[in-house]
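Heads up, the thing below is written out as structure tokens.
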Amino acid sequence: MALIVQKYGGTSVGNPERIREVARRVSETRAKGNQVVVVVSAMAGETNRLLALAKEVSKTPSDRESDVLVASGEQVSSALLALALQDAGVPATSFLGHQVRIATDSAFGRARIRSIDRHRLEEALAGGSVAVVAGFQGVDANDNITTLGRGGSDTTGVALAAALKADVCEIFTDVDGVYTADPRIVPHARKLDRISYDEMLELASLGAKVLQIRSVEFAKRYKVPVAVRSSFNDALGTIVVEEDQRMEDVLVSGVAHDRDQAKITLRRVEDRPGLAARVFGPIAEAGIVVDMIIQNAADDGSTDLTFTVPRVDYEKAVAIVKSREGEIGFKALTTDTDVAKVSIVGLGMKSHAGVAARMFDILSREGINIQMISTSEIKISVAVQAKYAELAVRSLHDAFIGGPTS
Ligand code: ASP
Ligand code: MG
């Protein structure tokens, strides 16, 4: 008998018919002799609807009350799925974050899970019930309701799978797996059967929005196999697992792009120790993740410093830098939101030279100018003008992974 955690996203529980369909799938999984814990997201669009409501009554909704508000979305879907299961003759019990006791820190809106109490879920399973857990929510040390950040139900699913030592965490969504590129841009992109945690981490952070990045970090740390599958068919999907030798033979597994970037340049910053720390320290403190950084040393003792941040944090980052203008000391600040990041990811890059050169060559043949470059052991990213993003993705995909006919 296996223990399976199944997580269903917003579109999978988007209306009563879909919820009944989920109940059918859960009941089938159980009929095969498995124990099942289900994690649900809010019904499609619900979290956005609630956040918009908050904005209608308050110009600056507080984080604590926003969490109380949005957590209600998952409360509704967990109860509805438990009801649908019961109606199908399957014993089921719903659990909210605080009832399981998914303990988190107090960072409202982006809380991190600290511990999970398995006992109530194990009790429910031992009693023959399916446990239906509201995703996305937890409780802090003072019994405040917290939420785990957008897409956080993925993390609830994987964290529960880790805590319960489940055999697999299946993430049911509206795509049938992880693709070599976004199929809307590259129609002949292929679905991957397997991908390593590290590659998935890079792809998740690059804006391939299949899984919340924290869920992949959790899966990697606790070695939870994660299957990304469609709730609209029975295909097996993509399994995210530890790397093996075969995976290293593949040079490039995926091409990702991210249009939600912004570029900030500080001109003529003094070239001396401590400067970068003075710029990036306060930005990090504000919880803003800086991605690419370029510093160019000039001969006259000053330098230009360019970096990218997610578009949503752009105004905040600019405000922080401006408020420290005296301390940092720069001649001018220029910004550019017309940028996109395009990246190739693959374990094979660890052991093969010349991948970057080939990537730059492919882009130059298309006449695409590279504005910035950053690399990791298994990833090369470039910033390009936004209008070239799709062309870049297509040409890189076709050269490294395969064109329409190959
Ligand atoms: N309902 C939350 C959101 O939309 C959490 C989730 O769906 O994973 O972000
Ligand atoms: Mg999601």
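Quick note: numbers below take in every heavy atom, side chains included, and nothing from hydrogens, waters or symmetry partners. Predicted, not measured: the structure shown is a model, and the values here were computed from it. Order of appearance sets the numbers: ligands from 1, and atoms from 1 within every ligand.
- By the 6.0 Å and 45° rule, Arg120 does not stack over the aromatic ring of Phe95.
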For this session: Could you walk me through whether Arg365 and Asp361 pass salt bridge (charged side-chain N to carboxylate O under 4.0 Å, His left out), step by step?
Result: CA-CA 6 Å; Arg365 278 165 206 262; Asp361 183 50; 2.9 Å; yes
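- Below 30°, between 30° and 60°, or above 60°: for His397 and His188 the angle between ring planes is above 60°, a perpendicular geometry.
- Heavy atoms of Gly152 come nearer than 4.0 angstrom to ligand 1 in at least one pair.
- The closest approach between any non-hydrogen atom of Glu46 and ligand 1 is not below 4.0 Å.
- For ligand 1, the polar-atom distance check against Lys7 finds no nitrogen or oxygen pair separated by under 3.5 Å.
- Considering only heavy atoms from C-beta on, Phe307 stays 4.5 Å or farther from Lys263 through its side chain.
- The atoms of ligand 1 that sit less than 4.0 Å from any heavy atom of Arg150 are 3 (C), 4 (O), 9 (O).
- The shortest N/O to N/O separation between Ser153 and ligand 1 falls below 3.5 Å.
- At a 4.0 Å cut-off, at least one heavy atom of Gly151 sits close enough to ligand 1 to count as contact.
- Residue Ser41 has at least one heavy-atom neighbour below 4.0 Å for each of these atoms of ligand 1: 6 (C), 7 (O), 8 (O).
- No donor-acceptor pair under 3.5 Å is formed between the side chain of Arg229 and the backbone N or O of Glu170.
- The pair Glu243-Lys350 meets the salt-bridge criterion, with a side-chain N (NZ, NE, NH1 or NH2) lying under 4.0 Å from an Asp/Glu carboxylate O.
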